[in-house]
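The basis for the numbers below is simple: all heavy atoms, side chains too, and nothing from hydrogens, waters or symmetry mates. Just so you know, these numbers come straight off a predicted model, no measurement behind them. Order of the sequence lines fixes the chain letters, A, B, ..., with proteins taken first and strands second; residue numbering starts at 1 for each chain.
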Amino acid sequence: MLQVSYIRDNREQVLQGLAVKNFKQPELVEEVVELDEKRRQTQNQVDNVSAQANAAAKQIGELMRSGKKEEAEAVKANTGKWKEEIKQLNEQLAAIEEDLSSKIVLLPNLPHASVPKGITPEENEVVLENGNKPELPANALPHWELAAKYNLIDFELGVKITGAGFPVYKGKGAKLQRALISFFLDEAEKAGYSEVMLPLMVNEASGFGTGQLPDKEGQMYFVGQDNLYLIPTAEVPITNLYRDVILKGDELPVKNCGYTPCFRREAGSYGAHVRGLNRLHQFDKVEIVQVVHPDESYNVLEQMSTHVQSLLQKLGLPYRVLRLCGGDMSFASALTYDMETWSAAQQRWLEVSSVSNFETFQSNRLKLRFRNAEGKTQLAHTLNGSALALPRIVATLLENNQTETGIKIPEALVPYTRFDMID
RNA sequence: GGAGAGGUGUCUGAGUGGUCGAAAGAGCACGCCUGGAAAGUGUGUAUACGCCAAAAGUGUAUCGAGGGUUCGAAUCCCUCCCUCUCCGCCA
């Protein structure tokens, strides 16, 4: 959520930023500014009348104590009028505030200056490409066929017990999942992140804090009986750990990592591109999250990007890094890097990570602040990234490492899998 | 699921109608003391939104949330939420 005070003082920059993000309702900015003006006026009126009423109440108290009952009664005469006035003004104020907040939550975060203009994914900027795309023989198989051939993943069984998009991992397929999770967590810990294990369901306030609610309600599974949402990413519970928190200056940066399954309804996305592991309703992911000083957040974003890349390098996967264009970025992000691995059998890039700086967009909703050098509270910057999401990593590993005799496990993973070949 | 207790500041905890943004203690910060530290001691120590060019100052709101009674509510009444304890069930 953008800060009203920032919008008020930087209207032009806000409009320019929204244009880069291809935001369709720039008129909201003006409406927000006007509502804010109205809000402050009304607040002022309430404050003034309340001050009078408070003073009178105090006076009555003093008069009563000193036994001047008639004088007290005289002062009381006015209070009814004020009371009514306060009530009405408060109702107005509440209506204005509701209007204001319903509009301000519709405004997406503003893009960083380096974000390219653009609307479609094709307009994302390729920052770098790394690793060699393997040349597979003509009879190479896509991962869903490999998974069946080596009995690693059973999609039909998943359909039976739950539905499409909920695969069952078996044997070495299951072990590979476990190995990747441990590998990613260990690497994150080496990079200074402390591990947390989290609830997989969150309440409404948490969903709001990280920006899933109210706008993306339909993307989360909802447990109506208890009013809880299944997490679409560990970002939600990890970042909400710091909701309503004021950190001491020396507590920054906060670095957390966590493994969780993720649940996404992915309503309306079916077709060839979602075959196999390409898009699931439930998948596993290790997430890294940082809460940092605003001056540091862009350095930290680069560090996080480097960390994710190091994982891909250790796994020997060819990848590229994209700087997302304004139109393809998420609602809450100021700058996002996507990491994609080359899926050799499908001959396409698969997104395996997304690393974002949210600046104060989340912290403003979360009321996540720190005490700055002047001793004042200030909104912190939040960042997160997948490090990494498993299914597409598995897809790429299977496809890229397939040989005549089986699938080779990357050296870095062998200590975790304790086998070096799937055959 | 049944019965009971309770939600106050960073924490413990007092406060049952006015002088309460809230005692006291702990913690924390800064200073004094000390060769240094501990102890001792002094001072300070919520947040948000306004007013003010800004600091100082000042207004308003906030004692789980919302509503009500009252000139005045942390305190009384109603509704909701949450936590804890015991019992039951259970990994």
Rounded distance in Å between the [atom1] positions of [N] and [M]:
N	M	atom1	answer
B/rC76	B/rG42	C1'	42 Å
B/rA74	B/rG36	P	49 Å
B/rA61	B/rA5	P	34 Å
B/rU85	B/rU8	P	16 Å
B/rA23	B/rU12	C1'	13 Å
B/rA24	B/rC33	C1'	26 Å

Regarding [X], tell me which of base, sugar-phosphate or nothing describes its non-hydrogen contacts under 4.0 Å with the strands shown.
X	result
A/N48	nothing
A/K81	nothing
A/K248	nothing
A/A51	sugar-phosphate

message: Students should find this one: the first and last nucleotides of RNA chain B, 5' to 3', lying under 4.0 Å from a heavy atom of chain A. What are they?
response: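 From 5' to 3', the first and last contacting nucleotides are B/rG18 to B/rG72.
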
- request: Would you sketch RNA chain B in dot-bracket for me? Only Watson-Crick or G-U wobble pairs with both distances under 3.5 Å count, crossing pairs as [ ], other-strand pairs as |, the rest as dots.
  value: ((((((((.[[[..)..(.....]]]((((((.......))))))((((((.....)))))).[[[[[..)....]]]]])))))))....

task: With sequence neighbours left out, write down each residue that passes ring pair (Phe, Tyr, Trp, His ring centres under 6.0 Å) with A/Y319, or none if nothing qualifies.
output: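 A/Y319 satisfies ring pair (Phe, Tyr, Trp, His ring centres under 6.0 Å) with no other residue.
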
- prompt: Got a second to check how far A/M201's CE is from A/F263's CZ, nearest 0.5 Å?
  reply: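 Answer rounded to 0.5 Å: 8.5 Å.
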
- prompt: Which class fits the ring pair A/F361 and A/F331: parallel under 30°, tilted 30 to 60°, perpendicular over 60°?
  reply: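 Judged by the thresholds at 30° and 60°, the geometry between A/F361 and A/F331 is perpendicular.
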
field: Single hit among A/L350, A/L397, A/L277 for side chain to side chain contact (heavy atoms under 4.5 Å, CB included) with A/R392
entry: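 Looking at A/L350, A/L397, A/L277, the match for A/R392 under the side chain to side chain contact (heavy atoms under 4.5 Å, CB included) is A/L350.
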
query: Any side-chain donor paired with an acceptor under 3.5 Å for A/Q362 and A/N384?
result: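 There is no such pair (donor and acceptor under 3.5 Å, judged by atom type) between the side chains of A/Q362 and A/N384.
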
Sequence neighbours left out, cut at 3.5 Å: what donor-acceptor pairs do the side chains of residues 413-423 of chain A make with other protein atoms?
unit_1 : atom_1 : unit_2 : atom_2 : d
A/Y416 : OH     : A/D186 : OD2    : 2.6
A/T417 : OG1    : A/L413 : O      : 3.4
A/T417 : OG1    : A/V414 : O      : 3.4
A/T417 : OG1    : A/F419 : N      : 3.3
A/T417 : OG1    : A/F419 : O      : 2.7

message: Once salt bridge (Lys or Arg N to Asp or Glu O under 4.0 Å) is applied, what residue pairs with a partner in residues 28-37 of chain A remain, sequence neighbours excluded?
response: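 Sorted pair list: A/R8-A/D36, A/R11-A/E30, A/E31-A/K103, A/D36-A/R39, A/D36-A/R40, A/E37-A/R40.
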
field: Residues from residues 36-47 of chain A lying under 4.0 Å of RNA chain B - heavy atoms
entry: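 Within residues 36-47 of chain A, the residues near RNA chain B are A/R39, A/R40, A/N44, A/D47.
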
